[in-house]
Amino acid sequence: MKKNYSNVRGTSDFNPHQAQSFRKVNEKAIQICKVFGYKEIVLPILEEKGLFEKGVGQTTDIVQKQMFKIEDKDIVLRPEGTAQVIRYYLQNYLHRKSNFHKFFYAGPMFRGERPQKGRLRQFHHIGAEAIGSNSIYLDAEMIILCLEILKAIGVKEQELKINTLGCAKDKEKFTKYLKEALANKKGHLCQDCQRRLDKNPLRVVDCKRNECRRVVNSLNLENKHLCSDCNSSFKELLSLLDSLGIKYSYTPYMVRGLDYYTNTVFEVTSKRLGAQDAIGAGGRYNNLIKFLGGPDIPAIGFALGVERILLTLSDGLKEETIDVFVAAMDDSLYNKGFNILKDLREKNISSDFDYCAKSLKAQLRIAQKEGAKLVVIIGQEEAKEGCVFLKDMEKSAQEKVKIEDLVKKVKQSI
Ligand code: HAM
C-alpha cells in the first residue's frame with residue numbers, strides 16, 4: 001500500500017508565509033544583537049552526549065529524558081546552545097585571547113518532549129552569551145537585549161520574571177534546606193519529584209504539576225539561603241532595573257530547569273501562550289566554564305524560542321509580493337520575456353514569469369495573486385518594434401515602453 005509521509009511528530013513545516021515571519025524574527029534579532037556588540041557564531045547540530053550530561057546536569061529532564069541520541073554513538077542532536085558555546089570557547093582557548101567575549105547564535109535545537117502547543121521536538125533558539133564578567137551591568141545588558149529583541153519584533157504583553165539562586169555555596173545551602181523542608185511532604189509530590197528529592201531537590205521547585213506546586217508554594221523560599229554578597233548584588237541589580245524603568249516581577253520560586261545556573265535567572269513569559277508560556281529565558285552560569293574543565297570565569301546568557309515568539313504575534317506579516325510580472329502573449333515570445341526577466345533581476349527588481357503557457361488573462365490573474373505592482377506585457381506587434389506594454393496594476397493604466405528603457409521606467413514606478 002502506498003504510504004503518505006507526514007512530518008515527524010513535534011516538528012513543524014513553515015509555509016512561505018510562516019517562513020517569511022521566521023526570517024524576519026531572526027533578522028530583527030540579529031540586527032539588535034549586533035547593535036549590542038555581540039558577534040555571531042554558527043555551531044554544529046551534533047555534539048558529544050557527555051557535554052550536556054556534564055554541562056546541563058545528569059538529573060535534569062533534558063539529560064534524563066529528552067536528548068536524541070545518534071544510534072551506537074555518544075553523539076546527540078544538541079538540546080541547547082549554552083554548553084555548546086562554552087565547549088567552543090574552551091576548545092579554542094578564547095580565554096587566553098581576550099578576557100571578555102560576547103556571542104550570539106540562531107539555529108535549531110532538539111528535545112524529545114511530549115509535543116503540545118509551543119512545545120516541539122525541533123525548535124529554534126536565538127541565544128546570546130557573554131563570557132568573562134560578573135558585573136550586574138552585564139546582567140542588566142542581557143535582560144535589556146532580550147527585551148529589546150522582543151520589542152523590535154513586536155511582541156506585546158510579555159512579563160519579565162527574575163530571581164537569584166545565589167553562588168554555588170548558596171545553592172548548596174538551598175538544596176539542603178529543600179531536602180529537609182520537603183522530606184515530610186514527599187508523599188504529596190509527583191512520582192518524578194519523589195525521585196528528584198534525593199538527587200536534585202531544586203528540580204522539585206521547578207515542577208509544573210499542581211500537586212508539587214502546592215507543596216512548593218507552602219514553603220517560604222524568599223532568599224533565605226543567600227550570602228551577603230549575593231544578596232546585595234541582587235538588590236543592586238533590581239535597583240538598577242528600577243532606575244532604567246524596566247518592569248519585572250521577583251519570582252522566588254523560579255529556579256530554571258538546567259543545573260548550570262547560579263545567581264541571576266530570568267524568564268520572559270507571554271499571556272498569549274498557554275501552559276508553555278516562556279518566550280525566552282536565561283541567567284548566570286558562573287561555574288560552568290570551570291566545571292567543563294576551564295578556568296574560573298563567570299558568564300551569563302539567554303535564549304529565545306522562535307516558534308513561541310511566532311505564536312504570540314497575532315497580526316502576522318503582510319505576504320511578500322513581487323514588483324514585476326512578465327507576461328508573454330504566446331510561446332514564441334518566451335525568449336524575449338526571459339531576457340527581460342534576466343535584466344530586471346540583475347538590477348535586483350523582484351520579478352516573476354509564467355512557465356505554464358497560460359492565456360494573457362490567466363497570467364494577469366497570477367500577477368495579481370503575486371501582488372505584482374507592474375506587469376510587462378509582450379505582444380507580437382510591439383516586440384517587432386522593440387517595445388512592450390508596461391501595465392500599472394493599481395492604476396489599471398498601461399503605456400508602451402521601449403525595451404531598452406524598461407528597467408529605468410520600472411525603477412521610476414516601483
Ligand atoms: P531554555 O529555557 O531551556 O533555556 O530554553 C529557552 C527558550 O527556548 C524557552 O524559554 C522557550 O521559549 C524555548 N523552548 C525550550 N524548549 C522548547 C520546546 N520544546 N519547544 C519550543 N520552544 C522551546 C536554554 O536552553 C538555555 N540555554 C538558555 C540560556 C542561554 N541560558 C543561559 N544562556
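Order of listing sets the numbers, starting from 1, for every ligand and every atom in it. Residue indices begin at 1 and follow the sequence shown.
Within a 6.0 Å radius of CZ in F338, other residues, nucleotides and ligands contribute 12 heavy atoms or fewer. R213 CZ: more than 12 foreign heavy atoms inside a 6.0 Å radius. Counting non-hydrogen atoms of other residues, nucleotides and ligands closer than 6.0 Å to CD of E399 gives a total above 12. Heavy atoms of other residues, nucleotides or ligands lying less than 6.0 angstrom from CD of E48 number 12 at most.
Note: H125 and Y105 fail the aromatic proximity criterion, with ring centroids not under 6.0 Å apart. Between Y334 and Y355, the ring centre distance reaches or exceeds 6.0 Å.
Residue G81 places no N or O, backbone or side chain, under 3.5 Å from any N or O of ligand 1. Distances between N or O atoms of E129 and those of ligand 1 include at least one value under 3.5 Å. Taking only nitrogen or oxygen atoms, main chain and side chain alike, F302 reaches within less than 3.5 Å of ligand 1. Looking at L258 next to ligand 1, no N or O pair under 3.5 Å apart turns up. Considering backbone and side-chain N/O atoms, I279 comes within less than 3.5 Å of an N/O atom of ligand 1. The shortest N or O to N or O distance between R119 and ligand 1 is not below 3.5 Å. Some N or O of Y261 is nearer than 3.5 Å to an N or O of ligand 1, by distance alone.
Counting the atoms of ligand 1 from 1 in the order shown, those under 4.0 Å from a heavy atom of G282 are 31 (N). Close contacts of ligand 1 with L120, meaning ligand atoms under 4.0 Å from a residue heavy atom, involve 18 (C), 19 (N), 20 (N), 21 (C). For ligand 1, the atoms sitting less than 4.0 Å from at least one non-hydrogen atom of G280 are 10 (O), 12 (O), numbered in the order shown with element in parentheses.
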Begin with the C-alpha distance, continue with both residues' side-chain angles, and end with the deciding distance and a verdict on side-chain hydrogen bond (donor to acceptor under 3.5 Å, both in side chains) for N200 and T59. CA-CA 7 Å; N200 195 348; T59 56; 2.8 Å; yes
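Contact analysis puts R256 in contact with ligand 1, with a non-hydrogen atom separation below 4.0 angstrom. At least one heavy atom of G118 sits less than 4.0 Å from an atom of ligand 1.
Contacts with ligand 1 closer than 4.0 Å are made by no heavy atom of F266, backbone or side chain. Residue-level proximity to ligand 1 for R121 is absent, since no heavy atom of it falls below 4.0 angstrom. Contact annotation: for H125 versus ligand 1, heavy atoms closer than 4.0 Å belong to the side chain alone.
The shortest contact between atom 9 (C) of ligand 1 and any protein heavy atom is with A278 O, 4.1 Å.
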